[in-house]
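The structure under discussion appears below in the form of structure tokens.
Everything numeric in this text was worked out from a predicted model, so none of it was measured. Both backbone and side-chain heavy atoms feed into the values below; hydrogens, waters and symmetry mates do not.
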Amino acid sequence: MTVPDGPAAAGRSPAIVISGAALRFGDTCHFAGLDLTLDGGRTTCLLGPSGIGKTSLLKLIAGLPAAGLSGTVSAGDGAPLAGRIAMMAQRDHLLPWARLIDNTMLGARLRGEAPDESRARAILTRLGLGPAIDLRPEALSGGMRQRAALARTLYEDRPVVLMDEPFSALDAVTRHRLQEVTARALAGRTVLLVTHDPAEALRLGDRVLVLNSRPGALREIEVPGGAIPRDQARGDFAAALGRLFESLGDGGAQG
Amino acid sequence: MTVPDGPAAAGRSPAIVISGAALRFGDTCHFAGLDLTLDGGRTTCLLGPSGIGKTSLLKLIAGLPAAGLSGTVSAGDGAPLAGRIAMMAQRDHLLPWARLIDNTMLGARLRGEAPDESRARAILTRLGLGPAIDLRPEALSGGMRQRAALARTLYEDRPVVLMDEPFSALDAVTRHRLQEVTARALAGRTVLLVTHDPAEALRLGDRVLVLNSRPGALREIEVPGGAIPRDQARGDFAAALGRLFESLGDGGAQG
Amino acid sequence: MGRLAAALGAGIAILLLWQGAVTLFAPPPFILPGPAAVARRLWLDRALLLDHGLITLAEIGLGLVIGTLIGIGAAIAISASRPLRRILLPLVIASQAVPVFAIAPLLVLWLGYGMASKIAMAAIVIFFPVTIALADGIARLEPGLVDLARVMTGGGSPRGRRWRLLRHLYGPAALPALGSGLRIAAAVAPIGAVIGEWVGSAGGLGWLMLQANARAKIDLMFAALALLAVIALLLYRLVDGALRRATPWANSTDILKESEPT
Amino acid sequence: MGRLAAALGAGIAILLLWQGAVTLFAPPPFILPGPAAVARRLWLDRALLLDHGLITLAEIGLGLVIGTLIGIGAAIAISASRPLRRILLPLVIASQAVPVFAIAPLLVLWLGYGMASKIAMAAIVIFFPVTIALADGIARLEPGLVDLARVMTGGGSPRGRRWRLLRHLYGPAALPALGSGLRIAAAVAPIGAVIGEWVGSAGGLGWLMLQANARAKIDLMFAALALLAVIALLLYRLVDGALRRATPWANSTDILKESEPT
Amino acid sequence: ADRLTVLLDWAVNPDHAALFAAQSQGYFAAQGLEVELIAPSDPNDPPKLVAAGKADLAVTYQPQLVLLVEEGLPLRRVATLVDTPLNSLAVLADGPVKTIADLKGRKIGYSVAGFEDALLQAMLKSAGLAPSDVTLINVNFALATALASGQVDGVIGAFRNFEIPEMRLLGKPARIFAVEDHGVPAYDELVVVAAADKAGDPRIARFNAALEAGVSYTLNHPDAAWAAFVKDHPELNDDLNREAWGLTLPRLAASPAALDPGRFARIAAFLKEAGLIARAGDAGDYAAPPR
Ligand SMILES: Nc1ncnc2c1ncn2[C@@H]1O[C@H](COP(=O)(O)OP(=O)(O)OP(=O)(O)O)[C@@H](O)[C@H]1O
Ligand SMILES: Nc1ncnc2c1ncn2[C@@H]1O[C@H](COP(=O)(O)OP(=O)(O)OP(=O)(O)O)[C@@H](O)[C@H]1O
Ligand SMILES: [Mg+2]
Ligand SMILES: [Mg+2]
């Protein structure tokens with residue numbers, strides 16, 4: 001009846017090994033020869049200038065076709081990744097004909113599993129969407145739509161979760177609260193979270209990576225101490241934020 | 001050849017008077033009896049929890065039909081508002097068949113004016129979209145799409161500009177830069193900017209308002225001194241930010 | 001009732017146009033009778049027209065149901081499997097190039113002179129727009145949703161997977177497109193039934209028209225035709241209304257129309 | 001050439017199905033001749049078939065062009081103005097309920113025995129799916145874009161406003177829907193031309209089929225029919241290909257198909 | 001030369017032999033006529049179009065003409081192509097139906113023509129059957145195939161010069177009951193009609209003269225006429241049409257302009273009796289006076 005906190009069996013979340021990832025269009029090379037391992041059961045936050053290729057990288061991991069993209073992806077445990085991933089894309093992609101609750105349980109329906117309505121309700125309520133449970137997407141605000149997509153992703157209950165700016169349309173207060181809810185729900189899973197909010201990255205990430213085109217591909221930022229979600233009031237948080245901003249400043253907008 | 005900084009004739013930007021605005025669905029009342037005057041030629045930033053009705057308020061001003069919405073809107077100069085507004089909605093609404101440059105000049109085409117391609121190019125370049133000018137939206141990243149919508153809005157060159165979270169999909173660095181570009185381009189216009197980023201509101205707003213459901217409708221936050229875009233390093237900025245966060249905390253997520 | 005007024009207005013408009021054509025071009029009455037003569041015939045032969053109208057109505061109803069089902073089935077088959085598509089699509093297209101008289105004897109041989117052969121012929125006319133519109137709608141699913149579904153169903157058992165995708169994703173998404181196909185089908189269903197009656201019949205509006213035409217009872221032929229047109233209009237309205245109610249999320253306001261002084 | 005292989009495969013599939021039906025049901029050859037007999041006839045009467053095929057091809061081409069133009073025009077008129085819609089839509093729907101033999105004399109009276117009356121009849125068949133699909137597509141413009149356009153054009157001079165909205169917004173947005181309509185139109189265009197020939201003609205595949213049928217030359221009739229089906233298939237391919245190239249942003253990958261072992 | 005448009009009743013066939021002979025042998029041209037022969041798809045259209053002034057002459061059936069005049073079409077017969085009935089009731093030769101009375105309780109197909117069910121009713125009556133004793137089905141395009149494939153037990157409207165050999169060539173020889181042997185007055189199967197107000201047009205007299213020459217040529221030189229016929233219509237060059245050609249020649253009206261007023265009166269009375277027309281006129285109502 002509650003939002004699942006961590007996968008049923010912790011430790012089952014595989015590491016993900018990406019090698020030789022590249023994004024090229026004709027002469028333009030966004031990145032190439034990128035190798036990256038996402039630690040199993042950990043949250044990795046990815047930042048980088050708009051248009052550099054963060055979404056494309058998520059697609060690569062999810063096994064989705066995307067123009068210009070190449071590279072190989074495998075799970076650390078050797079088993080296939082397909083079926084173990086939940087993905088929250090940058091746009092909400094809600095089904096316009098389905099009520100919020102049905103949108104949340106889409107995955108179960110598509111897999112032929114019995115939809116667990118009480119679980120879906122619990123997730124929606126925890127995301128502040130309780131009163132909107134029977135509304136169709138057209139009656140939702142932008143932030144509500146984004147939360148609906150988040151609810152759908154959490155409902156999936158997969159060991160690997162890819163999220164593309166999951167809180168960008170939320171006000172500061174709601175965002176702060178949902179970061180906590182999400183961090184708790186995803187603890188112990190392998191998470192790759194793309195975000196534009198440096199503080200968010202430092203609050204939620206076991207690792208924080210910056211994708212930049214100019215100074216080589218990926219740069220890792222040292223994260224502050226403390227349990228996730230981290231307290232922003234800690235002394236080393238501000239320092240880490242400063243380092244991160246500096247690292248981001250090196251890149252500049254792409255495209 | 002450059003982005004227009006401020007309207008051709010400053011001072012022509014009218015104040016906007018909203019009275020008796022309400023958003024109701026059956027028994028649920030998001031706000032009611034809301035009166036608000038947007039000062040002519042000034043930028044007003046609006047914050048508030050997700051789902052409270054910020055987007056709906058923008059629609060009211062723009063004269064767009066929206067379910068549950070009521071209220072009257074007029075220009076301070078008594079002339080009709082229609083035709084003097086540019087609006088950047090929360091979603092980008094790019095035309096999928098049109099290249100970036102054509103998306104930018106859509107307004108001119110729809111009004112039967114000669115499209116000014118060099119102006120459109122200049123705007124796009126200043127927003128960092130120069131290399132993408134001939135791409136269709138499907139080939140753009142999320143942040144690039146948002147910048148495209150921003151470019152389209154700036155191209156409109158209207159005395160009244162409504163913006164709904166214009167920078168939410170941008171990385172911190174790009175966001176910072178475009179806040180400046182936008183502030184300069186919109187100086188002297190009557191701007192209503194909805195945002196979830198308190199720092200953004202304080203950087204760009206002549207006035208900052210918080211829409212909350214519980215403690216009465218609108219609360220005004222005292223802004224720090226200095227010219228817009230304001231320097232975040234100023235001492236009173238942090239204080240204002242604290243007040244704003246506190247005010248936001250009173251509301252809580254809607255929906 | 002604005003809808004009633006609109007329907008009346010449309011009826012009057014058609015009558016005026018018709019009378020206008022008769023007055024202006026003055027075709028001989030045995031080629032195009034005026035509305036008055038046809039109205040008189042409609043009244044005088046109302047029992048006859050009703051009898052045959054009901055036969056045709058039954059054929060239309062059954063033809064529409066069966067044609068729509070076949071259309072949906074064909075669209076699903078075409079969308080679901082590439083080899084099936086290779087075989088089916090050409091067959092479906094070729095079926096539209098077949099004139100009645102070529103396959104009428106075949107239909108009669110296999111299905112007899114009863115309702116079956118007529119419904120088969122009507123279904124051939126009706127199913128096609130449904131198939132193409134629905135298959136197109138399915139193929140136009142938003143790429144973002146395609147990706148979403150791919151991630152959600154990846155690695156799972158493929159048993160029933162396509163069916164579930166269709167049921168919960170592609171199907172509803174294609175409903176508005178299916179709507180276009182159904183609207184077209186509703187409008188051609190009456191002629192579909194009439195064509196079915198050419199296969200061989202002992203009643204129905206198509207039969208009555210053939211009969212009236214052969215006996216140069218032109219006003220009776222046009223009376224039957226008017227009845228058929230009314231059936232087509234009502235059917236279209238019915239289908240249109242049902243579709244609007246079935247796809248509320250797809251009914252946008254139309255700026256071109258909104259700007260009308262109403 | 002995968003496309004050629006697919007076309008060949010489809011042809012072979014149709015032939016096998018046909019031969020299968022002949023073998024299985026053994027209909028008398030005067031009702032359904034086998035592919036071999038028809039192929040023989042196709043070869044023996046190739047000159048005759050070519051002659052008449054070219055006539056029909058010309059009618060199809062003209063009918064398709066004119067029908068499409070009328071269809072687009074009607075869709076625009078229906079979408080642009082409520083009063084026009086009230087009058088036009090019922091007329092457009094009613095036009096689909098009219099059998100040839102009812103208006104053939106009228107067409108001949110007004111347009112003579114030449115191409116014109118045939119093309120008019122063909123256009124009646126062809127324009128309708130285009131109209132409905134395009135009008136539906138226009139009405140389904142994303143509400144967000146409707147709002148955008150409203151703000152952009154608010155207060156401006158209304159002169160030519162609708163036309164510009166159509167040209168730059170509603171039109172391109174409705175292109176994929178128009179595509180569905182055109183695909184349907186392409187497939188029914190051949191039968192449209194054949195029906196046109198029933199108005200009275202001295203040539204064309206429809207004329208040839210009528211002659212052959214009336215004179216019990218069933219193999220010749222099916223030879224003409226086969227030719228007509230091939231024309232329909234090629235036309236569909238042509239239109240389909242052109243549409244794909246014209247709306248590259250609307251070509252999604254299809255998960256149902258993608259999951260095929262290719 | 002004066003132009004003259006002639007609408008045939010149906011697809012080109014040996015019934016039109018005289019017309020095509022007059023054309024191919026240049027008799028029309030010799031009369032200063034430039035004749036255009038057009039085949040419609042619906043045999044009901046040509047008389048209407050002539051009445052509407054869209055063509056000069058049309059080929060139709062004598063009983064049909066009476067029906068059309070009753071419905072107010074201003075038409076007059078000006079010539080005859082075939083002066084005996086060709087219509088018949090056909091059943092399978094090896095089928096169970098030996099006499100008309102055997103049709104009781106069976107299905108009978110008919111084609112589009114309006115008077116065929118009247119013919120049938122008269123024939124049934126002559127055998128003591130009522131119309132309700134059989135099921136009538138409009139088989140439209142497929143008389144011969146409907147019968148040959150056993151979908152109906154009999155068909156009315158089979159032309160004895162065409163459908164009968166056709167049935168035999170299909171391997172299903174037919175037994176026929178000629179209409180005039182079973183209670184139907186003899187009539188002219190194919191007549192040529194003109195608009196009432198143009199029946200006196202001098203071109204029609206010249207047309208008739210050429211037509212008469214065409215008949216003579218066909219009767220005198222059947223093989224040459226056949227050769228000319230299939231030269232213009234290669235799609236008709238087959239066994240069936242060759243046989244039909246032979247069966248048709250004796251049926252051709254040797255004197256196309258000649259009028260038998262009594263036939264009109266008799267067929268009109270017959271149609272009135274059958275309830276198809278309300279008023280039976282005399283020959284003057286249906287035919288232009290021969291000149
Ligand atoms: N067909 C194409 N031709 C050229 N460039 C393309 C094409 N398709 C995609 N791109 C480019 O590839 C990049 C895609 O980046 P992606 O969407 O992964 O960016 P991102 O890092 O997620 O950006 P954002 O933060 O803005 O979402 C963009 O720069 C885009 O312009
Ligand atoms: N048909 C409807 N029935 C019930 N509630 C509705 C309906 N349509 C809209 N709403 C509600 O009205 C509100 C619309 O809010 P709006 O989009 O203006 O929010 P917002 O302040 O812009 O939020 P966000 O920051 O998330 O974009 C939402 O709470 C939504 O649920
Ligand atoms: Mg992205
Ligand atoms: Mg909003």
Does any heavy atom of chain B fall under 4.5 Å from the side chain of D/L148, the backbone, both, or neither of them?
side chain

Identify the residue among B/Q146, B/H196, B/R175 that makes a side chain to side chain donor-acceptor pair (under 3.5 Å) with B/S168.
B/Q146

Contacting moiety of B/P80, where chain D heavy atoms sit under 4.5 Å:
neither

If you measure from the Lys or Arg side-chain nitrogens to the Asp or Glu carboxylate oxygens, is any gap between B/D102 and B/R99 under 4.0 Å?
yes

Is the shortest distance from a Lys or Arg side-chain nitrogen in B/D77 or B/R12 to a carboxylate oxygen in the other one below 4.0 Å?
no

Heaviest contributor of heavy-atom pairs below 4.5 Å to chain D, chosen from B/A98, B/P137, B/A62, B/G112, is B/G112

Looking at B/D164 and B/R91, is there a salt bridge between them, counting it only when a charged N and a carboxylate O are closer than 4.0 Å?
no

